[in-house]
Amino acid sequence: MSKHIERQDGFNSSRRGLMKATGVAVAAMSLIPAAAGTHALAQTTEWDKTFPKSDKVDHQKVSFKNRYGITLAGDLYLPKERGNGKLAAIVVSGPFGAVKEQSSGLYAQTMAERGFATLAFDPSYTGESGGEPRNIASPDINTEDFSAAVDFIGLRSEVNRERIGVIGVCGGMALNAVAVDKRVKAVVASTMYDMTRVMSKGYNDTVTLEQRTKTLEQLSRQRWVDAEKDTPAYQPAYNAEVGPDAPQFMVDYHDYYSTPRGYHKRAVNSGNAWSQTTPISFMNMPILTYIAEISPRPVLFIHGEKAHSRYFSETAFAAAAEPKELMIIPDANHTDLYDRMDKIPFDRMAEFFGQHLA
């Protein structure tokens with residue numbers, strides 16, 4: 001049975017200052033040498049997260065390969081008080097352009113405090129994970145990354161492989177992965193973004209066919225430039241600064257990614273950048289086409305009442321089949337659900353996975 005929970009009456013459906021066209025598929029952007037020179041790193045042994053280390057959890061740096069042979073870096077969290085039985089497990093990945101030291105790690109550690117074995121990982125080509133060139137994204141490969149993480153955690157001696165769930169923070173690849181990977185028993189999509197939709201159609205689907213065609217022509221021409229130089233050009237630095245006329249959601253992103261609150265030097269979103277041609281593979285590969293095939297496994301959508309991205313969860317919820325639930329968090333914007341412990345409904349998530357991974 002589906003649920004649509006609103007913790008507060010009313011919703012202002014107007015979203016101020018949204019872009020007419022997607023902000024990532026822009027033309028004629030300059031080469032950013034710093035981004036081009038970013039390489040995969042050997043995993044650090046220091047605690048370099050944006051959140052404090054829990055004394056209730058054992059933490060371990062791990063690595064594993066996906067189906068394409070790319071080595072992924074992860075953080076494994078296990079509850080200290082775990083007894084001798086096998087644990088239910090949760091795989092977590094964070095916002096598009098973020099790293100496991102940010103919100104996905106916070107989600108993973110917090111759920112481990114609640115008794116689950118959890119794994120937060122960096123997607124291919126980003127953070128401490130492998131893949132060259134750096135800061136490239138793919139709806140196919142990044143979907144595969146989730147299943148590779150399920151492979152890894154399901155082989156751990158502490159884990160019952162028949163009791164695995166997924167949390168996707170912001171990026172919608174988690175839903176695409178669960179639709180195809182029937183080993184996953186339940187999924188939570190928190191403050192969800194459909195990256196293929198926003199790249200191909202812009203915010204609120206406002207991009208016209210003429211604009212889309214122009215963007216594709218520019219991206220196609222950029223391939224000649226990259227091929228001649230034998231290296232990709234990169235977009236301008238993400239969230240490095242915001243102007244006085246920036247829409248509120250850009251201010252919110254800057255407040256998370258470029259301040260001590262959430263800044264991390266390896267995050268694409270913290271002053272680094274995606275390659276200019278990254279949007280190409282997103283333009284005609286809608287990742288939520290088969291969302292109804294998650295059923296009969298349950299999906300819980302969580303979104304902020306005031307988030308500019310709220311419509312992504314609402315339309316995904318409408319397209320999903322039963323059982324499903326949509327929880328709207330009052331007075332929360334998009335990035336509040338990255339790290340605001342008073343707004344992220346961890347108790348509800350623990351209850352949800354406790355029920356469906358039993």
Side-chain angles (χ1 to χ4, degrees), residues 40-64 71-95 97-123 126-129 145-146 149 152-153 156-159 164-171 174 188 190-191 255-272 302 335-351 353-354:
L41 304 175
Q43 291 195 67
T44 180
T45 57
E46 65 180 355
W47 184 266
D48 62 345
K49 320 299 185 194
T50 59
F51 51 90
K53 189 174 184 179
S54 172
D55 60 5
K56 300 177 182 177
V57 171
D58 290 327
H59 165 258
Q60 179 183 348
K61 303 283 286 191
V62 297
S63 63
F64 52 95
T71 298
L72 304 181
D75 286 301
L76 179 70
Y77 298 89
L78 298 172
K80 285 187 181 292
E81 302 296 330
R82 55 183 179 268
N84 297 320
K86 289 184 178 290
L87 301 173
I90 302 170
V91 165
V92 190
S93 192
V99 289
K100 63 189 181 306
E101 289 74 22
Q102 297 171 316
S103 59
S104 60
L106 174 64
Y107 272 67
Q109 179 177 261
T110 305
M111 295 305 288
E113 289 179 331
R114 285 158 168 75
F116 300 91
T118 63
L119 173 65
F121 66 91
D122 287 334
T126 63
E128 293 182 311
S129 287
D145 291 340
F146 274 97
F152 173 82
I153 204 165
R156 295 286 304 191
S157 62
E158 305 92 342
V159 168
I164 298 177
V166 161
I167 297 175
V169 185
C170 186
V188 169
S190 180
T191 198
D255 182 60
Y256 180 77
Y257 286 111
S258 295
T259 71
R261 173 187 168 193
Y263 173 83
H264 198 281
K265 63 183 180 181
R266 289 192 295 272
V268 176
N269 294 336
S270 291
N272 297 302
I302 302 167
T335 58
D336 283 340
L337 298 186
Y338 285 3
D339 66 337
R340 300 301 193 197
M341 298 298 288
D342 60 331
K343 294 186 181 293
I344 304 171
F346 283 116
D347 288 342
R348 176 65 191 110
M349 284 190 280
E351 179 185 38
F353 283 120

Look only at the side chain of [X] and the backbone of [Y], and say whether a donor-acceptor pair between them is shorter than 3.5 Å.
| X | Y | value |
| --- | --- | --- |
| Thr71 | Phe64 | no |
| Ser270 | Lys265 | no |
| Thr126 | Asp122 | no |

Would you give me the side-chain donor-acceptor pairs under 3.5 Å for residues 82-93, sequence neighbours excluded?
unit_1 : atom_1 : unit_2 : atom_2 : d
Arg82  : NH1    : Asp58  : OD2    : 2.9
Arg82  : NH1    : Pro79  : O      : 2.9
Lys86  : NZ     : Ser157 : O      : 2.7

(request) Name all residues meeting the salt bridge (Lys or Arg N to Asp or Glu O under 4.0 Å) criterion together with Asp55; count only those two or more places apart in sequence or in a different chain, and write none if there are none. (result) none
(message) Once salt bridge (Lys or Arg N to Asp or Glu O under 4.0 Å) is applied, do any residues pair with Asp75, and if so which ones, sequence neighbours excluded?
(response) Lys49, Lys61
What is the distance from atom [atom1] of [X] to atom [atom2] of [Y], rounded to the nearest 0.5 Å?
| X | Y | atom1 | atom2 | answer |
| --- | --- | --- | --- | --- |
| Glu351 | Arg114 | CD | CZ | 12.0 Å |
| Lys100 | Leu106 | NZ | CG | 15.0 Å |
| Tyr338 | Ile344 | OH | CD1 | 11.0 Å |
| Gln102 | His264 | CD | NE2 | 7.0 Å |
| Thr50 | Tyr256 | OG1 | OH | 4.5 Å |
| Arg261 | Phe51 | CZ | CZ | 14.5 Å |

Which heavy atom of [X] sits nearest a heavy atom of [Y], and at what distance?
| X | Y | value |
| --- | --- | --- |
| Ala98 | Ala267 | CA-CB, 4.4 Å |
| Ser103 | Gly94 | OG-CA, 4.4 Å |
| Ala117 | Leu78 | CB-CD2, 3.5 Å |

Determine whether [X] and [Y] make a side-chain contact, defined as any pair of heavy atoms from C-beta on separated by less than 4.5 Å.
| X | Y | result |
| --- | --- | --- |
| Arg266 | Thr44 | yes |
| Leu72 | Phe152 | no |
| Leu337 | Ile302 | yes |
| Leu119 | Val62 | yes |

(message) Could you walk me through whether Thr118 and Leu76 satisfy the side chain to side chain contact (heavy atoms under 4.5 Å, CB included) test, starting with their C-alpha distance in whole Å, then the side-chain angles of each, then the deciding distance to 0.1 Å, before giving a yes or no?
(response) CA-CA 6 Å; Thr118 63; Leu76 179 70; over 6 Å; no
(message) Determine whether the aromatic ring centres of residues Phe346 and Tyr107 are separated by less than 6.0 angstrom.
(response) yes
(request) For residues Phe121 and Phe146, establish whether the separation of their ring centroids is below 6.0 Å. (result) yes
(message) Quiz question: by atom type and distance under 3.5 Å, do the side chains of Ser54 and Gln109 form a donor-acceptor pair?
(response) no
